[in-house]
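Presented below is the structure to which this report refers.
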Amino acid sequence: MHPGMERVLLSKDEIEDRVKELARAISEDYQGKELLLVGILKGAAVFLADLMRHMSIDVRIDFMAVSSYGASSKSTGVVRILKDLEQSIEGRHVLVVEDIVDTGLTLNYLLEILRARDPASVRICALLDKPSRREIEVPVDYKGFAIPDEFVVGYGLDFNEKYRHLPDIYVLKKEVYQG
Ligand code: 5GP
């Protein structure tokens with residue numbers, strides 16, 4: 001294991017099983033509808049790539065990038081759009097695909113922006129959820145795992161842009177992110 005890691009929180013096999021279940025549930029719910037998956041860069045890229053490959057309905061994808069944490073591990077509540085969608089979502093079914101919901105500030109803001117564009121529906125799919133950290137209630141319609149309040153990396157999640165490529169999800173040692 002990498003020296004910066006405390007322990008494995010979720011193995012790649014556990015993640016794969018859960019992602020398949022989520023893909024099945026989403027495919028059933030959106031049967032007969034056209035679905036647009038909106039991945040939130042960069043953290044959700046790996047999750048979205050796996051999720052869509054297990055879906056049995058036609059989906060389209062697009063991406064948004066927002067700034068939230070910068071180089072720190074704490075949320076500032078300041079969210080800025082760095083990259084917007086390439087297409088209109090008016091009248092379309094949108095599923096936001098996010099890596100992790102922590103305070104909820106990022107998703108709350110994103111939902112407001114997306115709802116203002118008059119989609120047919122907007123729902124949220126998040127791989128990870130830290131319920132104990134929530135500051136604003138956001139409806140997470142499809143949730144992979146509820147996890148404790150620890151800083152995690154791997155499977156798309158980074159610390160200072162590192163560790164996104166790791167196939168498992170790890171708890172990062174406190175001394176690494178608290179300096
Ligand atoms: P929120 O606005 O819900 O507080 O923050 C959501 C974003 O914070 C996530 O999309 C993710 O980028 C980042 N984040 C929150 N908790 C963690 C964590 O444990 N590890 C990593 N790598 N990023 C996190």
Side-chain angles (χ1 to χ4, degrees), residues 1-12 14-15 18-19 22 36-52 61-85 94-116 122-179:
M1 197 163 63
H2 188 281
M5 305 303 165
E6 180 83 41
R7 65 180 196 278
V8 174
L9 183 67
L10 297 163
S11 72
K12 66 178 193 321
E14 286 175 273
I15 298 168
R18 189 72 186 116
V19 170
L22 291 172
L36 177 70
L37 300 177
V38 172
I40 309 306
L41 295 172
K42 302 171 194 169
V46 176
F47 176 38
L48 185 140
D50 282 349
L51 187 70
M52 68 187 287
I61 63 169
D62 205 339
F63 294 94
M64 284 180 91
V66 295
S67 69
S68 49
Y69 282 11
S72 141
S73 64
K74 284 227 178 70
S75 180
T76 57
V78 178
V79 181
R80 203 157 54 91
I81 294 186
L82 304 176
K83 183 215 175 294
D84 207 337
L85 297 174
V94 174
L95 183 62
V96 177
V97 179
E98 177 64 301
D99 52 0
I100 181 166
V101 191
D102 188 26
T103 62
L105 293 168
T106 309
L107 272 178
N108 182 63
Y109 177 82
L110 268 173
L111 274 183
E112 269 178 35
I113 293 176
L114 295 176
R115 283 191 180 130
V122 193
R123 285 186 179 167
I124 293 173
C125 174
L127 180 67
L128 305 174
D129 180 20
K130 285 186 196 170
S132 64
R133 295 255 312 160
R134 197 73 88 255
E135 286 177 26
I136 294 181
E137 213 36 62
V138 284
V140 182
D141 304 279
Y142 303 97
K143 187 188 300 180
F145 303 91
I147 64 167
D149 180 15
E150 290 176 295
F151 196 81
V152 295
V153 295
Y155 197 73
L157 290 141
D158 76 311
F159 176 66
N160 285 351
E161 295 300 326
K162 281 167 72 181
Y163 312 126
R164 293 192 197 277
H165 65 289
L166 301 174
D168 306 287
I169 293 177
Y170 296 85
V171 172
L172 196 63
K173 278 186 181 160
K174 275 208 173 65
E175 50 265 40
V176 176
Y177 64 87
Q178 289 180 342

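Every number for a ligand or one of its atoms is a count from 1 in the order of the listing.
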**Study point:** Within 6.0 angstrom of K130 NZ, more than 12 heavy atoms from elsewhere
**Key:** yes

Practice item. Check step by step if side-chain contact (heavy atoms from CB on, under 4.5 Å) holds for M5 and L166. Key: CA-CA 11 Å; M5 305 303 165; L166 301 174; 3.9 Å; yes

Review point. Can a salt bridge be assigned to the pair D99 and K42 using a cut-off of 4.0 Å between side-chain N and carboxylate O?
Key: no

Review point. Which of the atoms of ligand 1 are close to E150, meaning less than 4.0 Å from one of its heavy atoms?
Key: 19 (O)

**Study point:** Contact (N/O only, under 3.5 Å) between V152 and ligand 1
**Key:** yes

Practice item. Report yes or no: does a heavy atom of R133 sit under 4.0 Å from some atom of ligand 1? Key: no

Revision key, fill the gap. Ligand 1 to T106, heavy atom cutoff 4.0 Å, flagged ligand atoms 1 (P), 2 (O), 5 (O), 6 (C)

Check your understanding: Non-hydrogen atoms of G43 versus ligand 1: any pair closer than 4.0 Å?
Key -> no

Study note, to complete from the structure: Taking only non-hydrogen atoms of D99 and a 4.0 Å limit, the atoms of ligand 1 in range are 9 (C), 10 (O), 11 (C), 12 (O)

Practice item. Apply side-chain contact (heavy atoms from CB on, under 4.5 Å) to V38 and L110, showing your working. Key: CA-CA 11 Å; V38 172; L110 268 173; over 6 Å; no

Check your understanding: Is it the side chain, the backbone, both or neither of E98 that has a heavy atom closer than 4.0 Å to ligand 1?
Key -> side chain

Review point. Going by the order shown, which atoms of ligand 1 are within less than 4.0 Å of some heavy atom of D158?
Key: 21 (C), 22 (N)

Practice item. Go through the structure and list residues passing side-chain contact (heavy atoms from CB on, under 4.5 Å) with I113, not counting sequence neighbours. Key: I81, Y109, R117

Practice item. Look up atom CE in M1 and atom OH in Y170, then write down how far apart they are to the nearest 0.5 Å. Key: 7.0 Å

Point to revise | By side-chain contact (heavy atoms from CB on, under 4.5 Å) - contacts of A49 (at least two apart) | key: R53

Check your understanding: Is there a heavy atom in K130 that sits closer than 4.0 Å to ligand 1?
Key -> yes

Review point. Against heavy atoms of L157, which atoms of ligand 1 measure under 4.0 Å?
Key: 21 (C), 22 (N), 23 (N)

**Study point:** Distance-only N or O hit between ligand 1 and F151, under 3.5 Å
**Key:** no

**Study point:** Under 3.5 Å: donor-acceptor pair, side chain of R133, backbone of G104
**Key:** no

